[in-house]
Amino acid sequence: MENYMEYYNLELEEHIEQKVKIIATHSHQYATEDNLKFLFRILDLTSLNTEDNHSDVSVLCDKVNTVNSDYPDLPSVAAICVYPPFVKNVKENLTDNNVRVAAVGANFPSAQTFLNIKIAECKEIVNHGADEVDIVLSVGRLLNNEYDEVLREIKEIKEAIGNKKLKVILETGLLNDYNIIQLASIVAMEAGADFIKTSTGKVQPAATYDAVYVMCKAIKAFYGKTGKMVGIKPAGGISTVEDALSYYAVVKEVLGEHWLNSSLFRIGASRLANDLMSGILGKETVHF
């Protein structure tokens with residue numbers, strides 16, 4: 001892995017916190033109606049609760065289906081993300097063809113099981129109709145310097161799901177310095193991740209501006225060497241328009257305009273949807 005870091009010329013900048021704070025402080029300049037609509041368009045709405053059932057998931061699908069009819073000026077969200085048993089439910093009940101079907105897999109959120117089971121689960125998710133699979137890399141192995149094993153697991157899962165999008169969650173709240181976040185980003189991208197994602201939302205801290213900044217820098221370096229554009233997904237604890245605009249500002253200023261689309265930028269945040277709708281419509285709105 002040290003060779004990878006040298007290959008991508010990745011050296012951590014100094015004063016990352018201060019740089020990110022400046023970006024976040026000036027993010028209000030992006031608070032336009034068009035940008036709020038863009039942020040709504042890149043939302044991955046999730047239902048990842050222990051008590052979830054088919055009725056809950058059907059209700060979420062109905063709410064997504066009626067966005068365009070109830071609020072004609074609003075775009076569709078990017079995806080609905082659920083646990084594996086509910087993929088078929090979403091596939092059958094979702095009528096908005098612009099919304100992708102996603103599921104968490106590979107023993108989410110701990111990733112602590114056998115590789116063959118992880119692969120089998122991800123294959124089953126795709127067989128049930130999912131367009132995207134979100135997995136957690138093996139954090140324990142990463143922290144134990146077993147980088148090749150972490151890479152091999154992700155690579156085999158990616159091969160198993162074929163052309164479906166693979167989002168790899170780094171669980172940055174458990175990675176206690178920027179070097180490890182940077183390294184985890186490179187491992188995931190080398191293994192074939194289509195997106196790198198901050199968090200499951202089950203660990204605190206979840207998404208942070210600093211972590212996303214470091215991940216974006218790694219994505220930029222990876223693109224510079226390989227020509228492959230990998231997506232970024234902040235997720236976990238993002239609930240306000242101000243939060244979303246700050247992440248938008250980090251992605252825009254580090255990666256640039258080419259990343260400002262739902263194929264390369266997502267935000268995982270169900271609580272954010274109503275706040276964005278309220279901002280766009282100019283009145284308090286509770287749809288989700």
Side-chain angles (χ1 to χ4, degrees), residues 35-49 52 56-57 59-65 67-68 74-84 86-87 89-91 93-94 96-106 108-109 122 125-126 128-136 161 164-172 188 193-203 206-207 211-212 215-216 219 230-241 243-248 250-251 259-277 287-288:
N35 284 340
L36 296 188
K37 287 182 178 179
F38 168 76
L39 290 168
F40 190 80
R41 189 182 299 117
I42 66 168
L43 282 181
D44 281 2
L45 296 180
T46 61
S47 188
L48 298 172
N49 306 302
D52 280 352
D56 297 329
V57 172
V59 168
L60 177 59
C61 290
D62 289 341
K63 290 178 179 180
V64 170
N65 290 336
V67 166
N68 295 144
L74 288 180
S76 303
V77 297
I80 294 176
C81 185
V82 294
Y83 279 115
F86 306 115
V87 170
N89 181 324
V90 177
K91 194 72 177 176
N93 286 288
L94 187 62
D96 189 334
N97 294 327
N98 294 312
V99 181
R100 301 164 185 86
V101 180
V104 293
F108 175 94
C122 292
I125 287 168
V126 169
H128 277 238
D131 306 301
E132 305 173 355
V133 182
D134 292 33
I135 68 167
V136 184
I161 67 170
K164 304 302 183 182
K165 283 192 182 297
L166 180 66
K167 305 193 200 86
V168 177
I169 303 165
L170 309 186
E171 201 67 289
T172 54
D194 298 294
F195 272 79
I196 53 175
K197 175 179 170 182
T198 56
S199 321
T200 61
K202 309 297 185 183
V203 169
V212 171
M215 292 164 68
C216 285
I219 289 171
V230 175
I232 180 75
K233 180 178 172 180
I238 306 169
S239 59
T240 67
V241 169
D243 288 338
L245 286 171
S246 294
Y247 286 111
Y248 174 91
V250 172
V251 173
W259 263 262
L260 298 182
N261 59 76
S262 63
S263 295
L264 291 167
F265 183 19
R266 300 282 182 84
I267 294 179
S270 292
R271 288 182 296 164
L272 176 61
N274 287 331
D275 208 42
L276 282 170
M277 292 178 75
H287 182 78
F288 292 100

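The side-chain heavy atoms of Phe40 and Leu272, taken from C-beta on, include no pair separated by under 4.5 Å. Considering only heavy atoms from C-beta on, Ile80 comes within 4.5 Å of Cys61 through its side chain. Using a 4.5 Å heavy-atom cutoff, the side chains of Arg41 and Asn98 are not in contact. Between Leu43 and Leu276 there is a side-chain heavy-atom pair separated by less than 4.5 Å. Looking at heavy atoms from C-beta onward, Leu45 lies out of side-chain contact with Lys63 at the 4.5 angstrom threshold. For the pair Lys91 and His128, the minimum side-chain heavy-atom distance is 4.5 Å or more.
Between the side chain of Thr198 and the main chain of Ala235, a donor-acceptor pair closer than 3.5 Å is present. Between the Asp52 side chain and the Asn49 main chain, a donor and an acceptor come within less than 3.5 Å of each other. The closest donor-acceptor contact from the side chain of Asp96 to the backbone of Asn65 lies at 3.5 Å or more, if one exists at all. Asp56 places no side-chain N or O within donor-acceptor distance of the main-chain N or O of Val59, the cut-off being under 3.5 Å. At least one donor-acceptor pair closer than 3.5 Å links the side chain of Asn68 to the backbone N or O of Leu74. A donor-acceptor pair under 3.5 Å is formed between the side chain of Asn274 and the backbone N or O of Phe288. Judged purely by atom type and a 3.5 angstrom limit, Thr46 has no side-chain atom pairing as donor or acceptor with the backbone of Cys81. No donor-acceptor pair under 3.5 Å is formed between the side chain of Tyr247 and the backbone N or O of Ile238.
Contact between Lys164 and Asp131 at its shortest, heavy atoms only, is CB-O, 3.5 Å. Nearest heavy atom pair, residue Ser262 against residue Arg100, reads OG-NH2, 3.5 Å. Between Phe108 and Val136, the closest heavy-atom pair is CD1-CG2, 3.9 Å. When all heavy atoms of Val87 and Ala130 are compared, the closest pair comes out as CG1-N, 3.6 Å. Closest of all the heavy-atom pairs between Gly237 and Ala206 is N-CB, 4.3 Å. Closest of all the heavy-atom pairs between Ile232 and Cys216 is CG1-SG, 4.2 Å.
Taking the six-membered ring for Trp and thresholds of 30 and 60 degrees, Phe38 and Tyr248 have ring planes more than 60 degrees apart, a perpendicular arrangement.
Rounding to the nearest 0.5 Å places CG of Asp44 at 7.0 Å from NZ of Lys197. Distance CD1/Ile196 to CD1/Ile219: 4.0 Å, rounded to 0.5 Å. Note that the CG atom of Asn261 and the CZ atom of Arg266 stand 9.5 Å from one another [nearest 0.5 Å]. Separating the CD1 atom in Ile135 from the OG1 atom in Thr200 is a distance of 13.0 Å, to the nearest 0.5 Å. Rounding to the nearest 0.5 angstrom, the gap separating the CE atom in Met277 from the CG atom in Leu36 is 12.5 Å. To the nearest 0.5 angstrom, Ile42 atom CD1 is 4.0 Å from Ile267 atom CD1.
Comment: Lys233 does not engage Glu132 in a salt bridge, judged by the lack of any side-chain N to carboxylate O separation of less than 4.0 angstrom.
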